[in-house]
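To keep things clear, I will list the structure first and then write my remarks on it.
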Amino acid sequence: MENNTDKKLYVISGSSGVGKGTVLKGFMEKHPDFMLSVSCTTRKPREGEQDGVNYFFLSKEEFTKNIEEDKFLEWAEFAGNYYGTKKKYIKQCLDNGMNVILEIETNGALQVKKKMPEAVLIFIAPPSLDELEHRLRGRHTEDEATIQKRLGEVKKELECAKKYDYTVINDTVENAINCIEKIISGE
Ligand code: 5GP
């Protein structure tokens, strides 16, 4: 996909419960020239989530149609649901003069890097695996089966992280934000 602006695409991944949502929220509040991309998903909305704000919530049929019509920059199946980023949406955001952050899982991130090698991939890692499990259970948003599925993804994701441009350890939110700021100013 062509990007004719000086704006950049940043891809941020991290295992479930690593706290990337909190880190990103803190980062976005400080950087109004960055926007967080809204993905499509077939997962059901969690309490408080809004269509068009947190995700575009699609049926499986709608999602599959978009795949067939080659509408996605990347897409992946994660813990039993589909997630994807629309090409047209990203192009519009960049053309509108925004730096765009995709908060997506690792398979999708590596697809983006293939199609847009100039995209910068940042992996947010937990200080330890025990700490990650503790955080995942602590947020009480998933049932046990879902937690197990998500923990199963963690090891695979840490392997993929080796292919990222940068890894940031989320020991404290403030440190992680500082690290991301340094990476971005270096780029
Ligand atoms: P959640 O269901 O907790 O919102 O997200 C589950 C996983 O899907 C997270 O790792 C999140 O980063 C990832 N994800 C969200 N949107 C996308 C997307 O558009 N593409 C891909 N590949 N992963 C996504």
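Order of appearance sets the numbers: ligands from 1, and atoms from 1 within every ligand.
Here ring-ring contact (aromatic ring centres under 6.0 Å, His included) pairs that include residues 100-147, with residues two or more places apart or in two chains, are Phe123-Tyr164. Applying the ring-ring contact (aromatic ring centres under 6.0 Å, His included) test to pairs two or more places apart or on separate chains, those with a residue in residues 45-64 are Tyr55-Phe57, Tyr55-Tyr83, Phe63-Phe72, Phe63-Tyr82.
With a heavy-atom cut-off of 4.0 Å, Tyr83 touches ligand 1 through backbone and side chain alike. Using a 4.0 Å cut-off between heavy atoms, Arg46 contacts ligand 1 through its side chain alone, with no backbone atom that close.
Those atoms of ligand 1 with a heavy atom of Glu74 less than 4.0 angstrom away are 18 (C), 19 (O), 20 (N), 21 (C), 22 (N). Close contacts between ligand 1 and Ala76 involve ligand atoms 22 (N) [criterion: under 4.0 Å to a heavy atom]. The atoms of ligand 1 that sit less than 4.0 Å from any heavy atom of Arg43 are 1 (P), 2 (O), 4 (O).
Between Thr85 and ligand 1, at least one N/O pair is under 3.5 Å apart. Taking distance alone, with nitrogen or oxygen atoms compared against 3.5 Å, Gly84 approaches ligand 1 more closely than that limit.
Between Ser37 and the options Leu9, Ile90, Val11, Leu73, a side chain to side chain contact (heavy atoms under 4.5 Å, CB included) holds for only Ile90.
When Ser39, Gly108, Ala109 are ranked by how near their heavy atoms come to atom 16 (N) of ligand 1, first place goes to Ser39.
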Quiz item: Given Glu118 and Lys113, is the salt bridge (charged side-chain N to carboxylate O under 4.0 Å, His left out) satisfied, shown in steps?
Solution: CA-CA 7 Å; Glu118 70 279 16; Lys113 191 72 181 174; over 6 Å; no

Quiz item: What's the verdict on side-chain hydrogen bond (donor to acceptor under 3.5 Å, both in side chains) for Glu105 and Ser13, showing C-alpha distance, side-chain angles and the deciding distance?
Solution: CA-CA 5 Å; Glu105 54 71 66; Ser13 308; over 6 Å; no

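Annotation: the span from Leu58 atom CG to Thr42 atom OG1 amounts to 8.0 Å, rounded to 0.5 Å.
Ligand 1 is never approached by Asn107 to a heavy-atom distance shorter than 4.0 Å.
Classified by interplanar angle (parallel below 30°, tilted 30° to 60°, perpendicular above 60°), the ring pair Phe27/His31 is parallel.
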